[in-house]
Amino acid sequence: MKGFLVLHISALLVWVGCLVYLPALVASHMGSSHSLEERPHPYDSLSRLLFTRLATPAALVAIFAGTAVFTIDINFEPWLIAKLTVVCLLVVLHTLTGVLIVRAEASPEAPVALWSGLLMAAIVAVVLVILWLVLAKPPVEEWL
């Protein structure tokens, strides 16, 4: 089980790191002119590469390893169910990051700085809630 836990935490660090970095990367490339360095394909960007080749596989590994940890440990405490619910929100934010990348690539002149900032703030907030749930293990059943 410790191996799955190490794999889960490692993949989670990569996933969250990518999710925090990608909105800033998208916002930094908008409005810049690439007239001298034309890409061979309009959808061949660093943000797409990081999203599809690093963030998404890390997300899948984190989710599968985390699922293995709590099924091997047979742990179904209320704080864990709350954490899994918040992780679902992180998956939605992951999807919205992909939508932001596609939107920015489709129309490079579109203003995405505000959406990037909001998305980054939401990602950081969700990650902090997940960390709090994992470290504090609050009595969620008393809240209901």
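As the structure is a computational prediction, the values presented were derived from the model and not from experiment. By convention here, the first residue in the shown sequence is residue 1. No hydrogens, no waters, no symmetry mates; every other heavy atom, side chains included, goes into these values.
Cluster partners of V6, using a side-chain heavy-atom cutoff of under 4.5 Å among ILVMFWY residues and allowing indirect links: none. Taking Ile, Leu, Val, Met, Phe, Trp and Tyr as hydrophobic and joining them when side-chain heavy atoms fall under 4.5 Å apart, one finds I72 in a cluster with M1, F4, L5, I9, L13, V69.
Going from atom CG of L90 over to atom CG of L84 covers 12.0 Å, rounded to the nearest 0.5 Å. Going from atom CG of L89 over to atom CG of L96 covers 9.0 Å, rounded to the nearest 0.5 Å. With rounding to the nearest 0.5 angstrom, the CG atom of L22 is 5.5 Å from the CG atom of L50. Rounding to the nearest 0.5 angstrom, the gap separating the CG atom in L25 from the CG atom in L100 is 10.0 Å.
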Donor-acceptor pairs under 3.5 angstrom involving side-chain atoms of residues 51-66: please list them, not counting sequence neighbours.
from, atom 1, to, atom 2, distance (Å)
T52, OG1, R48, O, 2.8
T56, OG1, F51, O, 2.9
T56, OG1, H94, NE2, 3.1

Would you tabulate the side-chain donor-acceptor contacts of residues 120-137 under 3.5 Å, counting partners in other chains and residues two or more places apart, or write 'none'?
from, atom 1, to, atom 2, distance (Å)
K137, NZ, V134, O, 2.9

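The list of side-chain hydrogen bond (donor to acceptor under 3.5 Å, both in side chains) pairs with a residue in residues 77-89, not counting sequence neighbours, reads E77-W79.
S47 meets the side-chain hydrogen bond (donor to acceptor under 3.5 Å, both in side chains) test with S45; sequence neighbours excluded.
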